[in-house]
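Following: one structure in structure tokens, then a few remarks.
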Number of protein chains: 2
Amino acid sequence: MTWQRAAVLRVLGGCQDFVSAQELHALLEAAGRGVGLTTVYRALRALAATGRVDVVRDDAGERLYRRRVADGHRHYLMCRCCGRSQPVAAEVVEEWAERVGRDAGFAAVQHTVELTGICALCVPNADEGEPPCRSGPARHGEHRTHSN
Amino acid sequence: MTWQRAAVLRVLGGCQDFVSAQELHALLEAAGRGVGLTTVYRALRALAATGRVDVVRDDAGERLYRRRVADGHRHYLMCRCCGRSQPVAAEVVEEWAERVGRDAGFAAVQHTVELTGICALCVPNADEGEPPCRSGPARHGEHRTHSN
DNA sequence: GATGGACATGGAAGTCGTTTTCAATTAGCC
DNA sequence: GGCTAATTGAAAACGACTTCCATGTCCATC
């Protein structure tokens with residue numbers, strides 16, 4: 001565990017929401033702790049492999065990362081407008097996925113579930129059909145300010 | 001509707017499984033009907049927009065397309081080894097997604113669900129952890145031969 | 001049959017997230 | 001201190017996808 005990986009993990013922990021590798025890199029830069037983009041990617045891949053972060057893909061195919069608070073598999077509901085995300089209970093889906101796979105005779109079944117919408121705070125000023133303007137409208141409560 | 005788009009749609013209809021734009025382009029080339037890659041992408045985007053094909057992203061983030069047989073939203077169970085795919089009943093998930101979104105006060109909720117595994121025919125010779133070798137092991141029943 | 005405009009095509013070049021390469025640096029250990 | 005293995009990171013490569021733009025095609029109108 002190098003200081004670079006520690007920094008990645010710490011900044012990631014300071015984000016309530018999903019961030020991309022590039023955003024994380026910029027955040028580290030802004031925090032005065034320059035870490036190479038390559039290293040950020042490597043750290044995130046390692047963290048994802050060991051299940052310490054959850055990974056999601058946005059509409060553009062970009063990978064977004066979020067530190068996993070509790071153990072186990074999680075799914076999230078994410079706002080397409082402000083990027084705010086929250087874990088949701090998904091036992092139903094877990095069971096469904098397992099049952100469907102079993103019934104079809106499939107082994108080693110994996111599933112990815114991504115839930116997005118426009119959150120209550122964004123609905124007023126959201127022109128539906130808006131691009132996934134994650135870096136756009138100021139994030140409610142300023143999740144993005146990492147003073148540490 | 002030009003002959004290029006018709007060709008794309010026809011070859012796509014000849015594939016039981018999901019194919020990438022690049023694969024489709026190669027198939028068209030092999031069929032003697034050379035269609036520009038750009039046109040393939042455009043045609044697929046248009047077809048996806050009008051709901052005539054379903055789109056999925058593989059592990060690498062590549063988009064895979066499959067002609068939609070019946071109307072309405074569909075989900076698929078896909079073999080990570082041979083690429084074979086089959087639609088699955090997902091009313092449970094539809095309802096779950098809607099309920100979760102509503103409970104959280106989200107509007108315009110969308111969901112993507114992707115189910116993968118190792119199909120019964122692949123299990124014997126599948127070293128779990130294999131890469132998504134879609135073009136790898138000969139596909140059962142030769143789904144990929146498009147003599148038309 | 002000729003004219004002109006709207007639209008589709010497709011090769012080349014560009015974009016962008018991500019991975020690979022490889023020399024330099026650093027961590028861990030005797 | 002010295003050695004080895006792992007890590008770093010800038011630059012280059014990669015690959016899917018999009019944009020650009022010159023060319024081609026369809027089709028109504030003259």
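Quantities reported herein were computed from a predicted structural model and do not represent experimental measurements. A, B, ... follow the sequence lines: proteins, then strands. Residue 1 opens every chain.
Checked against side chain to side chain contact (heavy atoms under 4.5 Å, CB included), B:Thr2 has the following partners two or more places apart in sequence or in another chain: B:Gln4, B:Arg5. Remark: B:Ala48 engages B:Val53, B:Val55 in a side chain to side chain contact (heavy atoms under 4.5 Å, CB included) (not counting sequence neighbours). Every side-chain hydrogen bond (donor to acceptor under 3.5 Å, both in side chains) that A:Ser85 has, sequence neighbours left out, goes to A:Asp17, A:Arg66.
For B:Glu29 and C:dG11, the CD to C1' distance is 13 Å, given to the nearest whole Å. In this structure, B:Glu62 atom CD and C:dT18 atom C1' are separated by 14 Å, rounded to whole Å. Taking atom CH2 on B:Trp3 and atom P on C:dT9, their separation rounds to 9 Å, with Å as the unit. For the pair B:Leu44 CG and C:dT9 P, the interatomic distance rounds to 12 Å; values are reported in whole Å. Residue B:Arg57 contributes atom CZ, which lies 11 Å from atom C1' of C:dG17 at whole-angstrom precision. Here the C1' atom of nucleotide C:dG10 and the CZ atom of B:Arg33 are 18 Å apart, to the nearest Å. Atom CG of B:Leu37 is separated from atom C1' of C:dG10 by 9 Å (rounded to the nearest Å). Here C:dT18 presents its C1' atom at 14 Å from CG of A:Leu64, a figure rounded to the nearest Å.
B:Arg68 contributes a side-chain N or O that, together with a main-chain N or O of B:Gly51, makes up a donor-acceptor pair within less than 3.5 Å.
Contact between the side-chain N/O atoms of B:Thr39 and the OP1/OP2 oxygens of C:dG10 is found at a separation under 4.0 Å. OP1 or OP2 of C:dG10 has at least one side-chain nitrogen or oxygen of B:Gln4 nearer than 4.0 Å.
Annotation: side chain to side chain donor-acceptor pair (under 3.5 Å) contacts involving residues 87-105 of chain B, sequence neighbours excluded, comprise B:His75-B:Glu94, B:Glu94-B:His111.
In this structure, B:Arg42 and B:Arg63 both approach DNA chain D, and ranking their closest nucleotides by distance from the 5' end singles out B:Arg63.
Base engagement by A:Thr38 is indicated by at least one non-hydrogen atom pair under 4.0 Å involving a base atom.
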Open item on the list: Run B:Tyr65 and B:Ser20 through side chain to side chain contact (heavy atoms under 4.5 Å, CB included) and show every step you take.
Closed with: CA-CA 6 Å; B:Tyr65 304 84; B:Ser20 69; 5.9 Å; no
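The nucleotide whose nearest atom lies closest to any side-chain atom of B:Val35 is, among C:dT9, C:dG17, C:dG10, C:dG10.
Taking 4.0 Å as the cutoff to heavy atoms of chain A, we find the contact window on DNA chain D bounded by D:dT7 to D:dA11.
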Please report, to 0.1 Å, the donor-acceptor pairs under 3.5 Å made by any side chain of residues 40-47 of chain A, with sequence neighbours excluded.
from: A:Tyr41; atom 1: OH; to: A:Gln22; atom 2: NE2; distance (Å): 3.0

